[in-house]
Structures are given as structure tokens and as C-alpha cells.
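The first residue of the sequence shown is numbered 1, and numbering continues consecutively from there. Both backbone and side-chain heavy atoms feed into the values below; hydrogens, waters and symmetry mates do not.
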Amino acid sequence: MVEESRKWVMLIASIWIQAFTGTNFDFSSYSTEFKSVLDITQLQLNYLSVASDMGKAFGWSSGLSLIYFPLWVVIFMAAFFGLVGYGFQWLLIHRFISLPYVVVFFLCLIAGCSICWFNTICYVLCIKHFSTNRSLALSLSIGFNGVSAALYTLIANAINSNDDTLYLLLNAIVPVLISCLVLFPILHQPQPQPHSADTIRNDSLVFLCLNILALVTGLYLLLSYSFSSSTTIARVILVGAIFLLLLLSYLPTIVNSREWSCFVVPMSFFFYSRLARTDSDGYELYKELINIEDSSRSRSAQSIGEKECCLMDVLGREQITMLGEEHSTKLLMSRWDFWLYYIAYFCGGTIGLVYSNNLGQISQSLGHYSQTSSLVTLYSTCSFFGRLLAAAPDFLSRKIHFARTGWFAIALVPTPIAFILLSISGSEAALHIGTGLIGLSSGFVFSAAVSITSELFGANSVGMNHNILITNIPLGSCFYGLLAAFVYDSNGTMNSTHAIWLQEMSMCMGRKCYLETFVWWSCISMVGLVSSFLLFIRTKQAYDNFERNSNNTNRTVNM
């Protein structure tokens, strides 16, 4: 029982790490000030944003460090990267020091690497201690990464709401403090325990309650932000947010108490019947059954495929028919399914992240600069809700059997709609609606992607394979950011009543600054939507096979 309680402490530790280390989400809050102090163009500012995202290209280094160093050492290494990266940027923006542009670029790269290292640590904690409910633990932990900007905004407002550079100081110090806070539970990690039926049933109920409390936390942050302009009120709201995060720590104990369990455990049976079948050990149990069935299916599919048209032959070529099969890097790169997945992520989730990096300039160009902080908070909170929704396939799968890749495709639908809306209207309402839709969509993608990578390409290889997948983030940040910067700077040099040019720094005002960018981004996101739909078609059979053999196994066990 003690070991069971300690594993929940590890989940709460990963939630706190995620909640206070998503420092890339608040870039827009200080980007305009950064641009002004450094006296750089929009294109040069974009390169700094790309540098931060390039840290994800070195995600493999965090996995490699975990092989040679204890987890607590890796946590403090990640915190040190952030302290150096953001700390020197804060000194620079306050003109305490002077650094060349290339050094600032390197500092942004180090800061971005810090974020990736913290994420990898949380993935390891969730996968190690929740092999049965891996997807639920990951979606819950990753979900809280989405509220980082909202929490940092509250902290900044509670200290000084007029100082946008305060975000850089918070980005440097807060992750160090959180690393110290979670040090004790990290040093006393429990050993992974075998999962009994009662344990799985109780775990499902705890996850349900944690998700409900997480939803309450997100709504609290979203609805209370509009009242946080006053320093005193911001402090009160911040205390409430910290209380909700602390309540997460006690919730597993409350739910697992004997009196509470006797009352509510029957409610969890609905979820248990499905979650019990998603045990990672269960993958091994199903593989033999799936292999037998797939061998016969492949023979019949081969004869049918000869009669199909060219397009259907391409769609069915080398498709995945079994979930959980381990993929080496070489095999992964040869899979059509992986490249469809890569394009869908590249044109869907990544483009949403680039949009958030440009929120400061977008709101300024549309004449809503005073709304920048609220837009950052809105994107962050909606991203949080999207990440929580990534757990929906696990909770609803008993009544609605639908492949996770299908949910992934549905989640990408709001992104092109949002960009089309932003192209049509530059109103404040359209900006808020579009930002919310993009945050919701990209949040789901970021959270669901870890589980999809694990299911399609193997749980044991997820560390390496997922880091290969997210190499599209720095690529997308560079490509989409350059596109936006070129359009912005070209309109900034135009001699019109809607654009101005100040010294060497471009400042574009008017809808033209981002109109063409929004049109391009909407077209690109449509490509991602089509790719995700093709991925769903190709992987649907694998999910159907898994569900069918899961039901057969359950019936055999019950007999």
C-alpha cells in the first residue's frame, strides 16, 4: 500500500515539473520588449524563437544522460540549462551586460534544451510507474505543461504587472525551485509493482478524479485571469491556483481511503474494463494472437490488393497491422505510416506552437497589444484543455471504439478553421476565438502524440522514436517563422498608412502584416489534416485487431 501511494507521488512530481517548466509558452509575453531592446528585425527575432525550439532536436541527449546519471542529477542539469539560458537573457534585456547576437542565439538554444530535458524526465517517470495506465498518466502530466504560461502570468502580475521582462527572470529561477521541491520524492522512487485487478480498478478511479480536478484548475485559471490585473487580486488568485495544485497531491490518498473506496469503487468498473486491457504487459499477451490473425489477413489482403486500383495499393502498402511492435530507427524511417504521422504533426501541432511564438507581434499589428498577456493565457489554458482531452479515447473507448489516430485527425480540424477565421477578420473577437481553437488543437496533438508513438512503434523505443518525431518542431519553427517574418518585414517597409518603419527595427501595423501568413498557414494545416486522415485509414486495422483480440482474451479469461 505504501509503494502504491508513493507511485502517485511520482505522478504529482511530474505534474508539478510540467506545470512550471513550460517556459517556451510565454515567449510572446516578452518578445516585443526583447525585440526593442536588442534593436532587431522580426526575422532576427524569429531566429531566436527557432533557437529555443531547436533544443528539441537535441532531445536524444536527455535520454543518453539518463543512462549514465541518476534522475535527480539530470533534473538539476536541466534546471541549470534554464538558469543560464534565461538568466543571461534577463541580464541582457536589462542592459546589465552586452552580448553579440550569436551568443543570444546560443542562450535561447540552451534554454530550449532545458525544456526538452524536463519533458523527457516526466515521460520516464510516467512510463516507469504507470505501465498499465501509461497513456492516462502521460496525458495528465503533459497536460499541465499547458498551464505554464497562465501560472507565470499570475506570478508576474502578483509581483509587477508592468514589467514584461520579469518573465525571463521567472523562467530562470522557478524551474530551479521546483527541482528542489521534487528532489525528495525523486530520491525515494518506489520500485515498479505488479498490477492486480483491484489495483487497476482503483487506479482508474484516481485518474478520473485527477482529470476532473485538473479540469477545474484549468477553468479556474481561465476565468479568473480577467480579474488579475491588480497586484493584490493576482496574489489571491495565485494562492488559489497553488492550493489546487497541492490538492492534487492529496487526492490519490483520499480516493484510495477505505471509506471512500467502498462508496465509489463500483463507479470505476466502467473504466476498469477498458483500462485493464491497455496494460503494457498485455501487449505481449495479444501479440501472438494478432500475429496469427494478421498472417492470414496479409495473405488474403495480398490477393485482394492485386485487384485494387493504384491508389488503394499505395494506401495499403506496408501498413502497420499490429500495435506495440518495437521499431528500430532504421525500420521507423522506412515506414510510410511514420512519415504520414510526421507530416501531420509538422503541419498541425508545430504550426500551432509557431503561432503562439508570434502572438506578441500578431496582437500588436492588429492594434490589440494590451491583450497580449490575455491571449498568451488563453492559448496556454486552451492547450491545457486539449492535452486533457487526449485522455478521452481511454475513458470513452468502451462505448465508442475509435482508433487514437482517428481522434488525432479530428483534433487537427480546428486549426485550419482558426486560420481561415483570422484571415477573414482582424477583430479582437476573431483573434481570441482563433487563438483558443489553435491552442485546443495543438494541445491535443502534443499530448496524444506520445501515446500514439508508443502504440504504433513500440513502448520500449518511445524515448528515441518520439525524439525523432519532434525534430519537426525546430524545422517547422524555422520554416513557418521565416515565412511570417518575411511577410511581416516586407509590409513593415511599405510606405503606407498601415505600416511604419522605425530606425533599424521593423514594426508593422495593420492586417496586412499577417494576412498572407494566415492564408499560407491555413493551407499548410490542411495538408496536415489530410495526412492525419490517411494515417487513420492505414492504422485503423491495427487498432481494430487489437480491440478484437482484447475482447477475445477477456472472454477466454472470464471462462
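- With no hydrogens or angles considered, no side-chain donor-acceptor pair links Tyr341 and Thr539 at under 3.5 Å.
- Side-chain polar atoms of Asn357 and Ser49 form a donor-acceptor pair below 3.5 angstrom.
- A donor-acceptor contact closer than 3.5 angstrom is absent between the side chains of Tyr86 and Ser114.
- Separating the OG atom in Ser442 from the OH atom in Tyr345 is a distance of 9.0 Å, to the nearest 0.5 Å.
- A distance of 9.0 Å separates CG in Leu431 from CG in Leu378, rounded to the nearest 0.5 Å.
- Residues passing the side-chain contact (heavy atoms from CB on, under 4.5 Å) test with Ser441 are Leu412, Pro414, Thr415, sequence neighbours excluded.
- To the nearest 0.5 Å, atom CG of residue Leu219 and atom CG of residue Leu244 are 10.5 Å apart.
- Screening residues 380-390 for side chain to side chain donor-acceptor pair (under 3.5 Å), with sequence neighbours left out, gives Ser383-Arg387.
- Phe384 and Phe144 have their aromatic ring centers within a separation under 6.0 angstrom.
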Problem set entry | Test side chain to side chain donor-acceptor pair (under 3.5 Å) applied to Tyr514 and Ser423, step by step | CA-CA 8 Å; Tyr514 278 94; Ser423 303; over 6 Å; no

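- Using modelled atom types, one finds no donor on one side chain facing an acceptor on the other under 3.5 Å when comparing Thr350 with Tyr480.
- Between the CG atom of Leu222 and the SG atom of Cys382 there is a distance of 6.0 Å, given to the nearest 0.5 Å.
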